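Working notes for the structure below.
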Number of protein chains: 6
Amino acid sequence: MRPSGRATDEMRTITIEPHFTKHAEGSVLIGFGDTRVLVTASVEERVPPFLRGKGEGWVTAEYGMLPRATHTRGSREAAKGKQSGRTQEIQRLIGRSLRAVTDLKLLGERQITLDCDVIQADGGTRTASISGAWVALRIAVNKLMEQGLIAQDPIRHQVAAISCGIYQGTPVLDLDYDEDSAADADANFVLLSNGQIAEAQATAEGACYDEEGLLRLLRLARIGCASIFEAQAVAVK
Amino acid sequence: MRPSGRATDEMRTITIEPHFTKHAEGSVLIGFGDTRVLVTASVEERVPPFLRGKGEGWVTAEYGMLPRATHTRGSREAAKGKQSGRTQEIQRLIGRSLRAVTDLKLLGERQITLDCDVIQADGGTRTASISGAWVALRIAVNKLMEQGLIAQDPIRHQVAAISCGIYQGTPVLDLDYDEDSAADADANFVLLSNGQIAEAQATAEGACYDEEGLLRLLRLARIGCASIFEAQAVAVK
Amino acid sequence: MRPSGRATDEMRTITIEPHFTKHAEGSVLIGFGDTRVLVTASVEERVPPFLRGKGEGWVTAEYGMLPRATHTRGSREAAKGKQSGRTQEIQRLIGRSLRAVTDLKLLGERQITLDCDVIQADGGTRTASISGAWVALRIAVNKLMEQGLIAQDPIRHQVAAISCGIYQGTPVLDLDYDEDSAADADANFVLLSNGQIAEAQATAEGACYDEEGLLRLLRLARIGCASIFEAQAVAVK
Amino acid sequence: MRPSGRATDEMRTITIEPHFTKHAEGSVLIGFGDTRVLVTASVEERVPPFLRGKGEGWVTAEYGMLPRATHTRGSREAAKGKQSGRTQEIQRLIGRSLRAVTDLKLLGERQITLDCDVIQADGGTRTASISGAWVALRIAVNKLMEQGLIAQDPIRHQVAAISCGIYQGTPVLDLDYDEDSAADADANFVLLSNGQIAEAQATAEGACYDEEGLLRLLRLARIGCASIFEAQAVAVK
Amino acid sequence: MRPSGRATDEMRTITIEPHFTKHAEGSVLIGFGDTRVLVTASVEERVPPFLRGKGEGWVTAEYGMLPRATHTRGSREAAKGKQSGRTQEIQRLIGRSLRAVTDLKLLGERQITLDCDVIQADGGTRTASISGAWVALRIAVNKLMEQGLIAQDPIRHQVAAISCGIYQGTPVLDLDYDEDSAADADANFVLLSNGQIAEAQATAEGACYDEEGLLRLLRLARIGCASIFEAQAVAVK
Amino acid sequence: MRPSGRATDEMRTITIEPHFTKHAEGSVLIGFGDTRVLVTASVEERVPPFLRGKGEGWVTAEYGMLPRATHTRGSREAAKGKQSGRTQEIQRLIGRSLRAVTDLKLLGERQITLDCDVIQADGGTRTASISGAWVALRIAVNKLMEQGLIAQDPIRHQVAAISCGIYQGTPVLDLDYDEDSAADADANFVLLSNGQIAEAQATAEGACYDEEGLLRLLRLARIGCASIFEAQAVAVK
């Protein structure tokens, strides 16, 4: 039995509140149960040095967690003077995931930065960030297209992400904090709306797993992402 | 005429949403018009080294702004590896203001940290932070009293803060971004519910001011803080 | 009674030794009693990025304290790898104060940096820094005018600063360390020679204050600054 | 055809030179083709703060690349003052992989740090690091057992890692730099000698992949790790 | 001919003003011509971790240069967030030089920190620092002996330092900035009042030198240090 | 008697393995006994800002020590976020030493960086670095000459370095770790193949020394460098 009483393949409630803030070209507050992440998409008419003059754009991400998003207060990364390895790993993953569905040539020589800030954490902050970032990106790109700055839609597919894991020997979908901190294995899948995989990461925490386990986790992820794709589609309609 | 059409002594709408997040001992989302700040109060059963063993507590604050809280994206302080001078100045001010109404001996040997994170900025983020921090602190202290951890209420008064300034030659209350960026002088007052002053800061930006100007700004601040005290009282009832 | 035996409105001895070092375009060793600050003004024919090509200059300040300027040795900020919040707050204040009396267009596209380094501290280091910085700036600007690099004097007024505070219930002028560390409230005023106010900051330390208290502190500050304006005038004659 | 002319399931030559340096409790120079990594295992009789007094040990890793291990010189992380996100991601992976085969209780309250320094890079540095780290750990633990400091062997299995990827549409084993920089997808698998999986990471670079692709990469990884397990066994005999 | 018109073995004027600041246990403003360094000696009743409980003391040094001590303004190390390699090299040299004449056992378990801050630079700042540091240390140790905290004098000898160099083919004593920036070779010698050498450093800048050159530089250094020893003795009498 | 049983003027075995890595324009693994340093020379077609457009090149060095090159593990400088004073002092010395034999005009507007990374330490790492760096530089410059990028050889002489010291009262050549950590004085000499001196540094550790001692150390250094010059010549033939 899961602590939350959910079925093994049951997602938490997905909430997507688009246009949560007013300055960003795209913004969304996404919730997977009690996990809530504010994502903003900022468009800037410049690209990183390695892309200058190549007629291509860039999509990148930054990730942060408010100090008291968690059960006990964590120290503020700005005050410590550096981002943790975990933070950097997550923001690299978010950026890669969004680039996997974006045609950077069609985007043109501009950069879109997705800032994912965790307001409240209860497991799955990185997957909520990716799933929300697609919505913020979609809104920002729509705005660029409406303004005639982009001729052809650079976003090829939807992208969503979900965690799953092996909890007390059973594969379960969408781990909350209680499950995440006790899981034997912990996986994150980034999937495209056309069924392809952008990223699969499955990590043994307490016990290693086998090929069958990996496949069962992937199948759970497909179930979860189907729900997220629907919620995304509603949010940007 | 003010850009927003407000009267010179007219505040923006004050919104206070207590219990905005679930992990913190106290939390609130406070809004002064479009400015929105999330404040959490975190209680920790330890004090900074200089207070250890003295039977006294500590109240401190940290302040941050999400990268796209503003019109154009600012760089993330955690990524730059240091907090700006402005950030440090503001968080020192918030901490002092809350300590001005707290009896640290009655608090006992524990620390309460007020994290003020600006979700959306439109002028007055530091004064909204102070005003919201009092609510978060009040909620957290109430919880400590209910748990019997504190015998006697350490919070002596309400504290609130508001900005005012001289805009196109006229003293006005509660500057929004458009006014703030064009004001001749810019002041922040931290007032107590008993009428006393905890902090007064009045800075010439474009033109210096005289004693009469300083007093008129202070009187506007009293009007503004009266509204905030009411809103705080409703929020914690 | 004040620890020093001074009257409530009595300044410490002001000493101003111009041309204290030989390389800087302007330099001064200023003393308020035992507090001694070396200020140099350095002229550079470049401006910060945000001003490039606008035909305007910039005046900025940096502040530091030698490790053993104080009663007990403090750690060196260069060794710790960052400037404290207090240091940054003070250097921002010094820069604003000097810009308040400078016409940046008349200065032309160049930057003057005022380095204020505290050789010995006994209260009032930030106000001595501002008061000395005006002298160093005046000397440096005179040199630019003599060289024909500036046609019209960009310095509109004198500027001086002084601390005052409420010590054992009584407003007193020019706090020394013994008073500063025990004061109920602590204020710094930056005044112009035409009577206007550039900056007022009054902070409750032990007890909050009222409007009457604020006004009495301001009147003391006017007395103190009058003496400083005289000493500045003598020094640059 | 692969640039190197290798078959799709053909590893590069594996070389393992144990006892490469003399001070470390365990050390090895491991080569996967032209990729060469020096791994040392350092035993320290202390554990990180979160484990103190729990009677458990810790295994951790650090990773670095000499500035000219690569085709063009990269800047030295010590000179830049921080480790890149990539470095931190890799060293976290190495640490997790080795902990997956270690019984930390049997290790006792001591820490073993695996330093993986890339002398020459030609693709697969993280997988060579993990594979070599097991050898260095094995040697160091053997020494502890010979000294009677550990009663029962805390290492439960061998662990090895290998990269594979989809290169020009074909799944291939053990990517070298030429393949790695042009692959459509890039995966790293960490496998145990009992057939279980400790970590699977498959990332789309140019094109996303499907479930079948993921499984084919995993099967290639099994072939590669079989060779590495043999080479490890020979090296520590 | 030297730019200053001095003879090849002629020192600049040595000025030593003891007790320059009031808080430090020892302090001095030392001048070698236009080079002026403020040195303070701070006594702290604690030692670095590696010496705790060994009954021995420690003497260490820190060095800094005010931003406008030089011809053109240098950036402030505290603002840059790190000390340069040059700064660290110099402060290590100063510390070693003073320890060379101090019996750390007789000093007892306390630390004396010598802060050397260059007020004005015209060549020879490190040698002036060492020479001045001895005076500050002597004054501080005298105070400890007068207070009965040290029974037996831990300072065995005087120590002084001087630069010399090969300028336009000729060995000369006590380089000023004009000579230093054009010298073929540049040496610093740290000598004891008993004739021994604590440190010799001779560096080719434009042209290498031979054994005879090294010896001639050493002989010049002996002449210079003799003058410094005299000035030190007068200053502490 | 020396711990190693060597005669007072006896070097440890010198080993020089050129072309140790494949990417760098020049590379070498140099050994002085158990001390082993990997040196690579990287050619880049750009110069530091202060040399741009002057038609001159630059030779510089960086130095690092692998964490477990030493008896006990030292912390990784990249992880600590800064290079120690010792590291910076050594890399400045290596750079100066190589520039002493290089005609920077003949090198042309390009930079050669010598990365010296200590694989195993047993005393003398900085002198092995300098001696090996010459070999790596020679190989890299030969390559540039073969490619016709440099017309005339910019390397004027060989340069080598060796440590010596006063151990138990006796001057000895090429200190190993056991001697180095117990020596009364410790010297490093950088010599040219034409007999000149590029750098002499002799530091008292436990006891100061006299002129005769300095000369005896220099004579030992000449013996050691003669052997190194021979080994270098063989290596680059």
Side-chain angles (χ1 to χ4, degrees), chain E residues 60-63 80-101 103-104 156-157 159 166 184-219 221-222, chain F residues 60-63 80-101 103-104 156-157 159 166 184-219 221-222:
Chain E
T60 187
E62 294 196 4
Y63 171 93
K80 283 194 296 184
K82 64 175 186 175
Q83 295 180 299
S84 71
R86 179 185 172 276
T87 291
Q88 293 190 60
E89 197 170 316
I90 292 175
Q91 63 195 11
R92 285 156 54 89
L93 171 64
I94 301 169
R96 277 200 309 272
S97 299
L98 276 293
R99 286 192 298 274
V101 294
D103 184 318
L104 297 172
R156 292 180 292 229
H157 306 283
V159 65
I166 302 178
D184 289 331
D186 175 17
N188 293 291
F189 291 93
V190 182
L191 303 181
L192 270 51
S193 47
N194 70 350
Q196 281 194 301
I197 306 171
E199 183 107 14
Q201 294 187 339
T203 301
E205 298 287 347
C208 291
Y209 56 91
D210 58 17
E211 189 169 322
E212 178 55 28
L214 180 62
L215 289 178
R216 289 180 63 186
L217 293 175
L218 172 54
R219 277 154 210 166
R222 291 201 185 281
Chain F
T60 187
E62 294 196 2
Y63 171 93
K80 282 193 299 183
K82 64 174 187 175
Q83 295 180 298
S84 70
R86 178 185 172 277
T87 290
Q88 293 190 61
E89 197 169 316
I90 292 175
Q91 62 194 12
R92 284 156 55 89
L93 172 64
I94 301 170
R96 276 200 310 272
S97 299
L98 276 293
R99 286 193 297 276
V101 294
D103 184 319
L104 297 173
R156 291 181 293 229
H157 306 283
V159 64
I166 302 177
D184 289 331
D186 175 17
N188 293 290
F189 291 93
V190 182
L191 303 181
L192 271 52
S193 47
N194 71 350
Q196 283 194 301
I197 306 170
E199 184 106 14
Q201 294 186 338
T203 300
E205 298 289 346
C208 291
Y209 57 92
D210 58 16
E211 189 169 324
E212 178 55 27
L214 180 62
L215 288 177
R216 289 180 63 187
L217 292 174
L218 173 54
R219 277 155 211 165
R222 290 201 185 283

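Residue numbering restarts at 1 for every chain, and letters A, B, ... go by the order of the sequence lines. All of these numbers come straight from a predicted model, not from anything done at the bench.
With respect to chain F, the highest number of heavy-atom pairs below 4.5 Å among E:G213, E:G195, E:A204, E:A187 belongs to E:A204. Ranked by heavy-atom pairs under 4.5 Å with chain F, the first of E:H157, E:E205, E:R86, E:Q83 is E:R86. Chain F forms the most heavy-atom pairs under 4.5 Å with one residue out of E:V190, E:L214, E:L215, E:N188, and that residue is E:L215.
For chain F, no part of E:Q91 is nearby; none of its heavy atoms comes within less than 4.5 Å. Heavy atoms of E:L93 lying under 4.5 Å from chain F are absent altogether. Proximity to chain E is limited to the side chain of F:R219, based on heavy atoms less than 4.5 angstrom apart. Residue contact with chain E, scored on non-hydrogen atoms closer than 4.5 Å, is absent for F:R99. Using a 4.5 Å cut-off between heavy atoms, E:S84 touches chain F through its backbone atoms (N, CA, C, O) alone. In this structure, chain E has no heavy atom under 4.5 Å from any part of F:T87. For F:L191, no part sits under 4.5 Å from any heavy atom of chain E, backbone or side chain.
Across F:C208 and E:I197, no two heavy atoms sit closer than the pair CB-O, 3.3 Å.
Atom CZ of E:R222 sits in a crowded spot, with more than 12 heavy atoms from other residues, nucleotides or ligands closer than 6.0 Å.
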Could you walk me through whether F:R92 and E:Q88 pass the side-chain contact (heavy atoms from CB on, under 4.5 Å) check? CA-CA 12 Å; F:R92 284 156 55 89; E:Q88 293 190 60; over 6 Å; no

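One distance of note links CG of E:D210 with CG of F:L192; it measures 12.0 Å at 0.5 Å rounding.
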